[in-house]
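Structure, as structure tokens:
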Amino acid sequence: MAGMERVISGKEVAEHNSRESCWIIVHGKVYDVTEFLPEHPGGSKIILKYAGKDATAEYDPIHPPNAIRDNLPPEKYLGLVDPNTVAKVEVKITEEEKARQQRMAQRPPLSEILNLHDFEAIARLCMTEKAWAYYSSAADDEITNRENHAAYHRIWFRPRVLRNVTHVDWSTKILGHRTKMPIYITATALGKLGHPDGELNLTWAAAKHDVIQMIPTLASCSFDEIVDAAVPGQVQFLQLYVNSDRAITKKLVQHAEKRGIKGLFITVDAPQLGRREKDMRMKFTDEDPAEVTDNKVADKVDRSQGAARAISSFIDTGLCWEDIPWFQSITKMPLILKGVQCWEDALMAYDSGLAGVVLSNHGGRQLEFSRSGIETLVEVVAKLKEKRGLTFPNEKFELYVDGGVRRVTDVLKAIALGATAVGIGRPFLYAFSAYGQAGVERALEILHDEFEMNMRLLGARTLKEVVPEMVDANCIHQHIVSVPSDRLYDSNYETMPLARLREA
Ligand code: 173
């Protein structure tokens with residue numbers, strides 16, 4: 001078809017600006033979305049706002065690159081628009097947006113960002129409300145989300161002293177690939193919600209700091225863009241949402257292997273997306289009241305479910321253990337299950353010949369009251385030793401943990417307990433949302449500094465010396481509800497300040 005495409009003038013597109021005939025431009029291409037209006041998961045109102053116009057800027061952050069092509073019948077693609085004839089869309093800047101931009105201008109310099117929590121504090125102030133709601137939200141009452149970090153507080157160190165810690169080295173291998181530290185940048189969807197360069201911020205920073213990035217299925221940038229942005233030799237993994245249409249999944253997996261992806265992390269904890277109410281409320285405030293009658297949405301789609309659910313309907317709820325041999329038949333990449341939450345499933349993964357598991361509850365975004373990855377790690381290590389005689393870390397079957405990691409002390413606890421590496425997600429999103437690539441680099445530098453100090457203080461010169469005896473994890477399984485605190489004592493305690501905006 002190339003070369004035969006019709007070129008349409010902006011003027012003609014502009015005539016189709018109503019519910020009766022609605023054309024939009026995305027990335028220089030003209031689509032007839034009239035019939036799609038009631039089916040759009042994000043509602044018809046937002047499309048109608050761009051009827052007859054260029055919707056690219058609005059479309060980009062919240063859609064994976066192929067969303068429009070994948071959801072429209074081919075004949076609804078009408079042709080290319082003549083770029084010189086397209087009128088600029090006037091974007092009205094709201095007071096709220098102005099205030100946000102002002103706060104963005106008052107970001108502290110990166111030198112004042114001292115830890116990963118600081119990125120979150122600043123990102124919350126600088127991101128759009130939608131992006132904040134989507135990234136920060138978690139399932140139900142967000143209890144698992146908070147438990148993920150709190151669980152690390154139930155593990156304490158037993159450091160060793162009088163070891164010569166002049167030279168400390170925390171480099172390691174993940175799936176046989178060298179990494180400067182035992183962390184990887186885990187997969188998170190929709191990077192352009194936070195920053196126009198989206199996931200590329202992570203790729204660039206990962207290249208500079210020799211860490212591994214896991215590319216998400218639902219990235220804002222296309223898979224190839226992210227792979228193209230890597231430097232020669234840079235290691236990338238792929239997180240996979242399995243499509244009900246297995247042909248699509250097969251194509252993606254085989255393409256990824258051809259492009260040099262070194263590990264396939266199949267997400268197994270999200271047959272349906274969790275209920276993230278912060279994200280859902282955001283959608284509601286966007287609705288056109290005229291479209292909602294008697295508490296029923298007039299359109300065909302229940303689009304009250306937030307950004308994530310809206311774009312996740314392709315995920316196969318039927319995925320099961322019997323599918324594993326099929327994955328093994330279509331690729332030679334190491335296969336890892338992401339989202340394992342008990343030893344029984346870790347054992348099945350091992351017995352199925354997989355390369356490892358990520359002990360994870362999806363950043364607290366899926367099943368509320370699922371346990372933290374670090375807690376699951378303790379039982380997996382014990383049971384796989386008991387049942388199969390395995391010891392960890394183990395190059396034949398690697399264990400990773402994600403969720404709630406904010407400090408290198410968290411990472412070292414996981415390493416001591418047998419993890420090969422730890423995934424970090426949200427902190428990097430917050431870092432690039434507020435500061436772009438430089439933010440991610442700063443986050444990695446902070447981790448570097450924390451590794452150096454904590455390895456020394458722990459008395460470990462290499463990660464091999466970070467052994468189970470260095471932690472006391474006796475309380476890890478105790479999900480205690482805290483008793484009322486000693487208010488008098490607490491109010492005397494001065495809360496530690498986070499990074500702040502500069503003076504206007
Ligand atoms: O956690 C998520 O938000 C997530 O994994 C997801 C899944 C589908 C679409 C968008 C995000």
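Counting convention: from 1, in listed order, for ligands and their atoms alike.
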Between Lys396 and Asn394, what is the shortest heavy-atom contact and its length?
-> N-OD1, 2.8 Å
Closer than 4.0 angstrom: is that true for some heavy atom of Arg276 and an atom of ligand 1?
-> yes
Counting from 1 in the order shown, the ligand 1 atoms closer than 4.0 Å to a non-hydrogen atom of Tyr241 are 4 (C), 5 (O), 6 (C), 7 (C)
May I ask you to say whether Arg259 pairs ionically with Asp224, meaning some side-chain N is under 4.0 Å from a carboxylate O?
-> yes
For residues 345-355, which side-chain N or O atoms pair as donor and acceptor with protein atoms under 3.5 Å away, sequence neighbours left out?
residue : atom : partner : partner atom : Å
Asp351  : OD1  : Arg388  : NE           : 3.0
Asp351  : OD2  : Arg388  : NH2          : 2.7
Ser352  : OG   : Met348  : O            : 2.6

Side chain, backbone, both or neither: the part of Leu273 lying under 4.0 Å from ligand 1 by heavy atom | side chain
Pull out every atom of ligand 1 sitting under 4.0 Å from any heavy atom of Ala189, numbered as shown with elements.
-> 10 (C), 11 (C)
Checking heavy-atom distances from atom 8 (C) of ligand 1 to each of Leu218, Thr217, Ile62, Leu190, the winner is Leu218
Got a list of side-chain donor-acceptor pairs under 3.5 Å for residues 117-125, not counting sequence neighbours?
residue : atom : partner : partner atom : Å
Asp118  : OD1  : Ala499  : N            : 3.0
Asp118  : OD2  : Leu114  : N            : 2.8

Can you find an N or O of Ser312 that's nearer than 3.5 Å to an N or O of ligand 1?
-> no
Approximate separation, where rounding is to 0.5 Å, of Asp228 CG and Phe223 CZ | 9.5 Å
